[in-house]
Amino acid sequence: MATDQAHVPAAGELTESGERRRDFIYIATGAFAAVGAATVAWPLINQMNPSADVLALASIDVDLAAIKPGQAIKISWRGMPVFARNLTQAEQDAANKVPVSSLRDPQTLAERTKEGHTNWLITMGVCTHLGCVPLGAGEGETKGDFGGYFCPCHGSQYDTAARIRSGPAPTNLVVPEYAFKSPTSVTIG
Amino acid sequence: MSFPWAKHYEPTTDVGKWIDSRLPLPRLIYDSVGAGYPVPKNLNYFYNFGVLAGVALVVQIITGIILAMHYAPNTGLAFNSVEHIMRDVNSGWMLRYMHAVGASFFFIVVYLHIFRGLYYGSYKPPREVLWLLGMVIYLLMMATGFMGYVLVWGQMSFWGAAVITNLFSAIPIVGDAIHTWLLGGFSPDNPTLNRFFSLHYLLPFVIFGVVILHVWALHIPGSNNPTGVGIKGPQDTVPFHPYYTAKDFFGLGVYFTLFAIVVFYLPNSLGEPDNYIPANPLSTPAHIVPEWYYWPFYAILRAFTVNFLWVPAKLWGVLAMFSAILLLFFLPWLDKSPVRSNTYRPLSKLFFWILVVDCLILGLCGAKPAAEPWLRISQFAAAYYFAHFLIILPIISRIERPLPLPKSISEAVLTNAGHSVEAARAAVAAVPQPAA
Ligand code: HEM
Ligand code: FES
């Protein structure tokens with residue numbers, strides 16, 4: 001009697017191909033739970049990314065008229081400082097004299113300024129090493145060994161085109177997106 | 001596990017019996033910090049720091065929860081709310097100083113605890129998991145201390161947050177995305193401060209949980225001891241209570257005395273005056289330094305000033321800094337010598353002390369401006385740090401001839417007392433035996 005029924009393979013028995021029939025159910029359940037967990041996890045992780053109000057890009061207008069050659073100003077943009085510097089002829093010449101191939105992040109002064117406005121060097125005031133504000137834009141601050149900017153945090157030195165010349169920073173100070181509205185005013189962002 | 005000769009908990013009162021068969025909490029306490037836990041009888045004062053670390057954690061949690069009742073995690077209010085705690089809240093100045101000084105003391109205690117483990121080989125089998133859990137606690141403490149320091153929202157808070165979160169931007173490809181994700185923006189701002197407050201509140205409780213696992217892992221093999229020789233029998237141990245409860249309470253008294261001296265007379269001696277200037281995102285202080293307990297790692301970070309092997313200097317620094325900590329996780333498998341205690345390892349002992357000096361030099365470099373000669377010194381000291389663990393230690397454990405080990409803890413104790421073992425045995429034999 002009972003032996004008759006034993007012909008039906010029990011759930012734990014192997015099929016011809018060597019799997020147990022339960023294996024499929026285990027894998028299907030596990031896979032379904034994993035997909036579900038990942039779906040829930042993503043919003044939990046993504047909530048830490050910048051919120052809509054932080055992302056709403058602000059742009060600002062800056063009047064450059066008051067900046068004399070050799071001077072610079074610091075502007076706050078998106079919570080970060082931007083340096084706007086009016087290069088003297090000597091500073092531009094110094095930047096142009098450097099062989100570009102010798103640089104860690106090779107760029108010419110012309111590539112880092114706008115055509116016809118090569119005296120206006122506008123960069124982020126954020127060291128590309130670990131984000132400190134380099135010295136050199138304020139009155140009386142040290143400009144470092146290369147006449148541009150000096151980062152006090154770990155000693156990065158930038159030249160008169162704000163290109164990295166020595167120290168741990170990997171790249172030149174970033175040039176933000178900006179456009180000249182008139183010869184003496186720009187819109188940043 | 002406990003040793004077979006451990007005393008057994010026997011509830012004597014009816015209430016004791018009633019609770020023992022329902023929730024045997026008194027039994028758990030008896031078996032883990034009471035008379036039911038046999039401990040090597042030769043532990044020295046370096047073995048006090050585990051209990052002290054636990055107490056330091058509790059002090060941080062109690063004072064922290066109170067500070068959170070008065071603190072406002074908002075960039076517009078945070079700095080002023082800390083000043084409000086200092087000036088207006090009843091005893092607020094004391095609570096904040098206890099919390100700030102308490103963090104430093106916590107690290108002092110934990111550093112001594114770690115170096116104790118290094119010296120006596122406590123990371124070796126069978127205590128590897130215990131060591132790994134300790135390292136997890138250390139990492140969590142570093143994260144907690146860092147985020148707590150940001151909460152003040154002074155100049156050092158802000159620029160510390162800027163620099164440390166920027167470390168992650170060195171990771172190729174995904175680095176910038178991680179950096180933005182951590183901050184919740186492009187520079188430290190209100191979202192950053194808010195999440196740091198939330199996590200600074202959470203992590204100490206996570207630490208508490210890992211501490212429980214750490215103690216559990218300790219109680220399986222039992223404590224190591226200054227000889228590093230395993231326990232052989234009842235003559236090697238004493239019950240935790242009253243012997244080590246008494247010793248730990250004495251240590252605690254000394255600890256609280258020193259703590260009180262710093263809290264009441266030197267509360268700002270371990271901090272940076274610049275953090276009493278409100279955060280200014282447009283101007284970095286001329287000389288930014290992290291809290292002292294991060295100095296050695298900060299020095300390693302800054303030691304890399306040039307690109308080499310196609311890897312940028314910035315990434316080198318970050319990798320080196322994180323590996324300096326992660327390296328310690330592999331210690332049980334780097335030092336293969338079967339002898340635990342440096343007392344019997346003349347070469348290893350010598351290099352242990354060189355490592356201590358090296359760490360102090362790194363710490364000094366981390367506190368100094370990023371200029372010569374400190375950069376050059378930190379380069380050598382950082383190279384030595386890695387060489388110690390990756391080259392020197394594995395070689396020593398192969399070539400060293402250890403001194404003869406005592407046969408047991410009790411033999412070592414008796415020899416140490418100024419007599420030879422034979423003399424001690426003779427003395428014991430000479431004592432008139434009571435008549436049978
Ligand atoms: C592992 C344990 C902890 C460590 C190492 C730690 C560390 C720190 C540090 C270094 C500071 C900055 C101190 C200063 O300069 O003022 C701080 C501040 C703070 N912590 Fe903690 N903390 C811990 C646990 C907690 C807990 C459990 C809370 C509870 C919510 C808490 C709440 C706060 C608050 C509100 C502040 C800001 C007020 C202030 O600066 O005094 N902390 N913490
Ligand atoms: S942040 Fe400028 S050198 Fe490190």
Side-chain angles (χ1 to χ4, degrees), chain A residues 42 44-58 73-83 103-105 124-138 140-142 144-145 149-157 164-171 174 176 189, chain B residues 75 158-170 172 175 177-192 194-195 198-199 280-289 298-299 301-307 311-318 369-372 374-375 378:
Chain A
W42 176 242
L44 299 186
I45 294 169
N46 190 36
Q47 51 79 23
M48 277 175 64
N49 273 320
S51 52
D53 59 327
V54 173
L55 281 179
L57 292 186
I73 58 164
K74 246 190 248 185
I75 312 135
S76 174
W77 176 60
R78 285 207 224 161
M80 288 178 281
V82 173
F83 294 157
L103 294 170
R104 185 179 296 175
D105 182 9
M124 298 304 298
V126 179
C127 179
T128 58
H129 182 225
L130 295 176
C132 292
V133 180
L135 300 172
E141 287 177 356
T142 169
D145 296 348
Y149 300 104
F150 169 73
C151 183
C153 288
H154 318 98
S156 288
Q157 313 248 16
I164 180 64
R165 296 298 291 277
S166 82
T171 57
V174 173
Chain B
T75 49
F158 182 91
W159 292 102
V163 166
I164 301 299
T165 53
N166 237 310
L167 294 179
F168 293 89
S169 71
I178 295 180
H179 178 222
T180 311
W181 177 76
L182 286 172
L183 290 174
F186 304 100
S187 54
D189 210 330
N190 208 41
T192 321
N194 258 301
R195 66 190 55 184
S198 169
L199 294 173
N280 176 0
L282 294 190
S283 148
T284 310
H287 176 38
I288 66 163
V289 278
Y298 197 56
L301 169 76
R302 298 192 301 187
F304 291 84
T305 48
V306 288
N307 301 353
V311 177
K314 174 174 168 181
L315 183 55
W316 271 117
V318 173
E372 297 303 350
W374 304 110
L375 282 179
S378 43

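Residue numbers start from 1 in every chain, and the chains themselves are labelled A, B, ... in the order their sequence lines are given, proteins ahead of strands.
Each of S187(B), A170(B), P285(B), A162(B) has some count of heavy-atom pairs under 4.5 Å with chain A, and the biggest count is that of S187(B). The candidate from G155(A), G125(A), S76(A), S51(A) with the greatest count of non-hydrogen atom pairs under 4.5 Å with chain B is S76(A). In terms of heavy-atom pairs under 4.5 Å with chain B, the best-connected choice from A137(A), S156(A), P152(A) is P152(A). Between chain B and the residues H129(A), M80(A), Q47(A), the most heavy-atom pairs under 4.5 angstrom are made by H129(A).
Taking both residues in full, the closest heavy atoms of P81(A) and P281(B) are given as CD-O, 3.8 Å, listed atom of the first, atom of the second, then distance. Residue T180(B) comes nearest to P50(A) through the heavy atom pair CG2-CG, 3.3 Å, listed as atom of the first residue, atom of the second, then distance. Shown here for P191(B) and V54(A), the closest heavy-atom pair between the two residues is CG-CG2, 4.4 Å.
Using a distance-only test at 3.5 Å, with no hydrogens or angles considered, a donor-acceptor pair links the side chain of W181(B) to the main chain of I45(A). The backbone N or O of M48(A) lies less than 3.5 Å from a partner atom in the side chain of R195(B), making a donor-acceptor pair.
Within the 4.5 Å cutoff, no side-chain heavy atoms of V133(A) are placed close to those of S283(B). Contact check for L301(B) versus L130(A): side-chain heavy atoms found under the 4.5 Å cut-off. Counting only heavy atoms from C-beta outward, the side chains of C132(A) and V163(B) approach each other to under 4.5 Å.
Contacts between I288(B) and chain A at a heavy-atom distance below 4.5 Å involve the side chain alone, from C-beta outward. For S166(A), no part lies under 4.5 angstrom from a heavy atom of chain B.
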